[in-house]
Amino acid sequence: MAEKITVTEDGITVPDNPYVCYIEGDGIGPDIWKASVRVFDAAVEKAYNGAKKIEWKEILAGEKAKSATGSYLPDDTISAIKEYGVAIKGPLTTPVGGGIRSLNVTLRQKLDLFACVRPVRYFQGVGSPVKEPEKLNIVIFRENTEDVYAGIEWEAGSVEARKVITFLNENFNKSIISESGIGIKPISEFGTRRLMRMALNFAVKNSKKSVTIVHKGNIMKFTEGAFSKWCYKEAEENFRDKIVKESEIWAGASADGKIIIKDRIADAMFQQILLRPDEYDVIVTPNLNGDYLSDAAAAQVGGLGMAPGANIGKYALFEATHGTAPKYAGLDKVNPSSVILSGVMMLEHMGWNEAAALITAGIEKTIAQKTVTYDLARQMEGAAEVSCSQYADKIIENL
C-alpha cells in the first residue's frame, strides 16, 4: 500500500512506495504526460527491481479542472500538494486578456514555492543556433513570488490607477502621465536571502565553482540593486568560509576551494551566456530577469522542449517549461523531454538518484541515435522523426 511523503522544514522523507501527485496539463499535456510517466515507471523498476514504486495520484488544474469542477484551480488541488508534498505537471492554459491570472504564478504564490529552479544543459547531437552549445551548463535560481509577478497593478484609466498616479505626482514630485497603467514591483530582503541561501546550498552540495547574481540594479537601485546587496549579505553572513567575492580575487585573494560570487547586470548577462557560457555555473536572479534568461539559455540547447523546471519551497512542483501548443493536441507529436527531464529533477529531489541517472543516460543515447521528435529532427541531419510515444519507447529501450 502506498504511503505519503513526509515534508518538514528540514526536508522530506520518502517511503519506498510514495504517492506523487500529477497534473496532466492542457493542450499537448495528455500526450506528453502519457509518454513521460511510462519512462518514470520503467526507470524506477529498472533501478530498484520492484523495491521502489510510485503511486500516481491525479489532481486537477486548467481546462480539465474547469470542466470537472467549475474552477481552473480547485482548492483541493492546493490541499493535495500540501498533503503529499511532491507533484509534477504538464503545461496549463491561462485565458488571455482577462479572467484568472496565470495558473503557474498562482500555484507558486499559494504554495510559497519561492524558487524556480531551471537547469539548462546540452545533449550531444541536438541542433543549436550557437557554435559550441556544450559550453552552457547552468542552473538558474529565479525568485518566484515577488517582482512584477506579484500582480500589483492597475489598468490605465481606472479609478485605482488615477489615485496612485495622483498620489505619486503630488507627494513625490513625479510626472507620470495620468492615463498610464501602473504597477508596483516588490522585492524583499526575506525573499531574496532565502533564494540565495538555496542557491548557495546547492552550489556547495554539488561542488559548483561560482554563483552569479544577475540584476538591473544600476537602474532600479532599491529593488534589483537591493536584491544584489541582500544576496551578498546572505553569502557573507552564512557562507563566509565557503565563498570568495570576485572583487576580492581582483584584489589578490585566492579562489582555491571557494565558490566565487559574481555579479552581472542583466542585459550584459545575455551577452555573457552567448559569448562566455562556460564561466557560469549557478545563477541567482529576480523573477522577471530569470524568466527571460532561462528561456534564452534554453534556446541555445534545443529550445524549451529540452528545458526542465521545478518550483520549490517547503513543497515541490515540477513542470514542463513550455506552453500548451493546442494545435498539436492529441496528435502524439510533441517532444516530451521537458516533462521527462523535470521528472529527473523530481526523482533527484526524492533521493532516487539511480532512477534519475538512468533516464538522463537514456535520453542521451536516444538523441545520439538520432531517433527524435519533429522539433529536434528538423535541426538534425539524418534524424529519424518519431512520435511522442515512440520517442518514450526508445528512451525506455535505452535505459
Side-chain angles (χ1 to χ4, degrees), residues 25-29 32 89-94 96 101-105 107-108 113-123 126-149 185 195 199 212-216 224 227 264-278 280-312 317-326 328 334-342 344-345 373 375-376 378-379:
D26 297 323
I28 58 171
I32 60 177
K89 60 177 279 297
L92 293 173
T93 296
T94 297
V96 176
R101 293 186 64 84
S102 164
L103 291 174
N104 293 325
V105 172
L107 280 162
R108 294 163 190 165
L113 304 173
F114 64 86
C116 180
V117 184
R118 291 192 176 178
V120 187
R121 55 151 292 187
Y122 180 65
F123 286 86
V126 173
S128 170
V130 298
K131 293 179 179 179
E132 298 177 299
E134 67 279 359
K135 287 186 175 182
L136 180 68
N137 189 356
I138 59 175
V139 181
I140 296 173
F141 283 77
R142 165 193 171 198
E143 203 290 319
N144 229 358
T145 62
E146 299 187 326
D147 202 349
V148 294
Y149 286 71
K185 173 189 176 82
L195 179 73
T212 302
I213 306 161
V214 177
H215 60 94
K216 192 63 178 171
E224 301 213 6
F227 179 90
R264 299 291 182 269
I265 299 299
D267 47 320
M269 189 62 192
F270 278 86
Q271 283 199 79
Q272 292 286 295
I273 62 167
L274 284 168
L275 301 177
R276 305 164 79 168
D278 49 346
Y280 301 95
D281 292 323
V282 176
I283 292 171
V284 181
T285 174
N287 207 330
L288 183 59
N289 291 336
D291 199 359
Y292 293 154
L293 195 60
S294 58
D295 284 10
Q300 295 180 221
V301 298
L304 289 177
M306 297 301 298
N311 302 285
I312 299 175
L317 175 62
F318 301 84
E319 65 178 355
T321 59
H322 54 68
T324 58
Y328 295 123
V334 171
N335 186 352
S337 294
S338 181
V339 174
I340 295 173
L341 289 167
S342 297
V344 169
M345 295 180 71
T373 49
D375 57 315
L376 300 183
R378 64 189 178 186
Q379 303 178 65

With sequence neighbours excluded, residues passing salt bridge (Lys or Arg N to Asp or Glu O under 4.0 Å) with E134: none
Partners meeting salt bridge (Lys or Arg N to Asp or Glu O under 4.0 Å) with D278 (sequence neighbours left out): none
Whether T285 side chain and R142 backbone form a donor-acceptor pair below 3.5 Å: no
By side-chain hydrogen bond (donor to acceptor under 3.5 Å, both in side chains), T145 pairs with (sequence neighbours left out) E143
V334 vs T373 side-chain heavy atoms within contact, under 4.5 Å: no
Q379 side chain vs D375 backbone, donor-acceptor pair below 3.5 Å: yes
Holding to salt bridge (Lys or Arg N to Asp or Glu O under 4.0 Å), I want the full list of residues that pass it with D147, two or more places apart in sequence or in another chain. K185
How about I28 and P91: do any of their side-chain heavy atoms sit closer than 4.5 Å? yes
Closest non-hydrogen atoms of L341 and M306, given as atom of the first, atom of the second and distance, are CD1-O, 3.5 Å
List in chain and number order the residues that pass ring-ring contact (aromatic ring centres under 6.0 Å, His included) with Y328, two or more places apart in sequence or in another chain; answer none if no residue qualifies. Y374
Closest non-hydrogen atom pair, V214 against F227: O-CE2, 4.3 Å
Do N289 and E224 come close enough that some side-chain heavy atom pair is under 4.5 Å? yes
Taking only residues two or more places apart in sequence or in another chain, which ones pass side-chain hydrogen bond (donor to acceptor under 3.5 Å, both in side chains) with E146? S188
As an exercise, state the distance from CG of D26 to NZ of K89, rounded to the nearest 0.5 Å. 9.0 Å
Student check: side-chain heavy atoms of Q300 and P133 closer than 4.5 Å: no
Residue pair V117 / M345: nearest heavy atoms and the distance that separates them: O-CE, 3.6 Å
How close do A299 and P129 get, heavy atom to heavy atom, and via which atoms? O-CD, 3.3 Å
With sequence neighbours left out, the residues meeting side chain to side chain contact (heavy atoms under 4.5 Å, CB included) with D281 are K208, K209, S210
Apply the test side-chain contact (heavy atoms from CB on, under 4.5 Å) to residues V148 and N287: give CA-CA distance (whole Å), side-chain angles for both, the deciding distance (0.1 Å), then the verdict. CA-CA 8 Å; V148 294; N287 207 330; over 6 Å; no
Heavy-atom pair of closest approach, residues G305 and H322: CA-CD2, 4.3 Å
List the residues meeting side chain to side chain contact (heavy atoms under 4.5 Å, CB included) with V301, not counting sequence neighbours, and say none if there are none. V120, Y122, L136
For I312 and L113: C-alpha separation, side-chain torsions, deciding distance, then whether side-chain contact (heavy atoms from CB on, under 4.5 Å) applies. CA-CA 5 Å; I312 299 175; L113 304 173; 5.9 Å; no
My understanding is that only residues two or more places apart in sequence, or in another chain, count here; which of them pass side-chain hydrogen bond (donor to acceptor under 3.5 Å, both in side chains) with R264? E246, Y280
Check whether S128 reaches the backbone of G302 with its side chain - one donor and one acceptor, N or O, closer than 3.5 Å. no
Could you list the residues that satisfy side-chain hydrogen bond (donor to acceptor under 3.5 Å, both in side chains) with N311, not counting sequence neighbours? R108, N144, E319
Below 4.5 Å, heavy atoms only, C-beta onward: do V282 and I138 meet side chain to side chain? no
Are any non-hydrogen side-chain atoms of L107 and L317 less than 4.5 angstrom apart? yes
Keeping the roles fixed (side chain from T212, backbone from I283), state whether a donor-acceptor pair exists under 3.5 Å. no
Considering residues at least two apart in sequence or located in another chain, which fulfil the side chain to side chain contact (heavy atoms under 4.5 Å, CB included) criterion with F270? Y292, L293, A296
Partner set under side chain to side chain contact (heavy atoms under 4.5 Å, CB included) for D295, not counting sequence neighbours: R118, D291, L304
Identify the two heavy atoms, one from A320 and one from S342, that lie closest to each other, and give their separation to 0.1 Å. N-OG, 4.2 Å
